[in-house]
Trainee: 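Handing you a structure now.
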Amino acid sequence: MDTEIIAKAFKELGHPTRLMIYKTVIRAGHQGIAVGGLQEKLSVPGSTLSHHIAGLASAGLISQRREGRTLFCVAEYQKLESVMAYLQDECCADENQQ
């Protein structure tokens, strides 16, 4: 995976509010969580929440789906796995080199 894409994901997760949003979305599972539910759980103002959700979505960490008037945030688990794999892929590769 491209280093720039991974760096963007880490940048977005590097903000405490976005990290808490993402963690809450991940906890919700594959069905996701309504934006209103996120706002209620995290006590984040609506405009601030929208801004942070947009950043996570632009990094490909979450997607959104609409059901009627309700907007849901859903974790992109494959992207999360790719980001984690990027760090783990070469774990200890240079350990035995002198």
Side-chain angles (χ1 to χ4, degrees):
M1 181 157 270
D2 183 9
T3 302
E4 294 293 323
I5 293 170
I6 298 296
K8 168 79 170 153
F10 280 120
K11 175 185 172 262
E12 294 303 324
L13 293 173
H15 189 282
T17 301
R18 284 192 290 273
L19 186 57
M20 290 308 303
I21 291 168
Y22 192 57
K23 187 173 180 179
T24 303
V25 171
I26 287 173
R27 288 178 56 101
H30 294 281
Q31 293 301 309
I33 184 170
V35 172
L38 269 174
Q39 187 175 12
E40 186 177 305
K41 280 183 178 256
L42 301 176
S43 300
V44 177
S47 60
T48 302
L49 184 60
S50 293
H51 168 75
H52 290 306
I53 289 171
L56 292 167
S58 75
L61 294 166
I62 64 169
S63 61
Q64 294 182 299
R65 86 168 182 284
R66 185 169 293 281
E67 290 183 14
R69 292 177 35 161
T70 305
L71 187 61
F72 287 84
C73 292
V74 181
E76 291 295 330
Y77 293 100
Q78 190 171 18
K79 180 67 168 232
L80 173 61
E81 290 170 8
S82 296
V83 170
M84 291 179 357
Y86 180 84
L87 293 178
Q88 294 175 329
D89 278 347
E90 295 185 34
C91 177
C92 307
D94 294 336
E95 186 173 56
N96 292 325
Q97 291 183 352
Q98 296 285 331

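For the single chain, residues carry numbers from 1 onward in sequence order.
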Trainee: Distance from D89 atom CG to M84 atom CE, nearest 0.5 Å?
Mentor: 11.0 Å
Trainee: So, using side chain to side chain contact (heavy atoms under 4.5 Å, CB included) as the criterion, who are the partners of A59 when residues are at least two apart?
Mentor: K8, E12, L61
Trainee: If you measure from CZ on F72 to CD on Q31, what distance do you get to the nearest 0.5 Å?
Mentor: 8.5 Å
Trainee: Do V44 and L38 have side chains that approach each other closer than 4.5 Å (heavy atoms only, starting at C-beta)?
Mentor: no
Trainee: Assess whether atom CD of Q64 is packed by more than 12 heavy atoms of other residues, nucleotides or ligands within 6.0 Å.
Mentor: yes
Trainee: Restricting to non-hydrogen atoms, name the atom on V74 and the atom on G32 that form the minimum distance, rounded to 0.1 Å.
Mentor: CG2-CA, 3.9 Å
Trainee: Looking at S63 and E76, what are the two nearest heavy atoms and their distance?
Mentor: OG-OE2, 2.6 Å
Trainee: According to a hydrophobic-cluster definition based on side-chain heavy atoms being under 4.5 Å apart (Ile, Leu, Val, Met, Phe, Trp, Tyr only), do M20 and V83 belong together?
Mentor: no
Trainee: Filter on ring-ring contact (aromatic ring centres under 6.0 Å, His included), then keep only pairs touching residues 9-50, sequence neighbours left out; what's left?
Mentor: H15-H52, H30-Y77
Trainee: Roughly how far apart are I62 CD1 and L80 CG, rounded to 0.5 Å?
Mentor: 12.5 Å
Trainee: Going through the distances and angles, do L13 and L56 end up as a side-chain contact (heavy atoms from CB on, under 4.5 Å)?
Mentor: CA-CA 8 Å; L13 293 173; L56 292 167; 4.1 Å; yes
Trainee: State the CD1-CD1 distance between I53 and I21, to the nearest 0.5 angstrom.
Mentor: 5.5 Å
Trainee: Looking only at heavy atoms, what is the nearest atom pair of V25 and A75, with distance?
Mentor: CG1-N, 3.3 Å
Trainee: So do the side chains of K11 and R18 get within less than 4.5 Å of each other, counting heavy atoms only?
Mentor: no
Trainee: Say you draw a straight line from CD1 of I6 to NZ of K79; how long is it, rounded to the nearest 0.5 Å?
Mentor: 6.5 Å
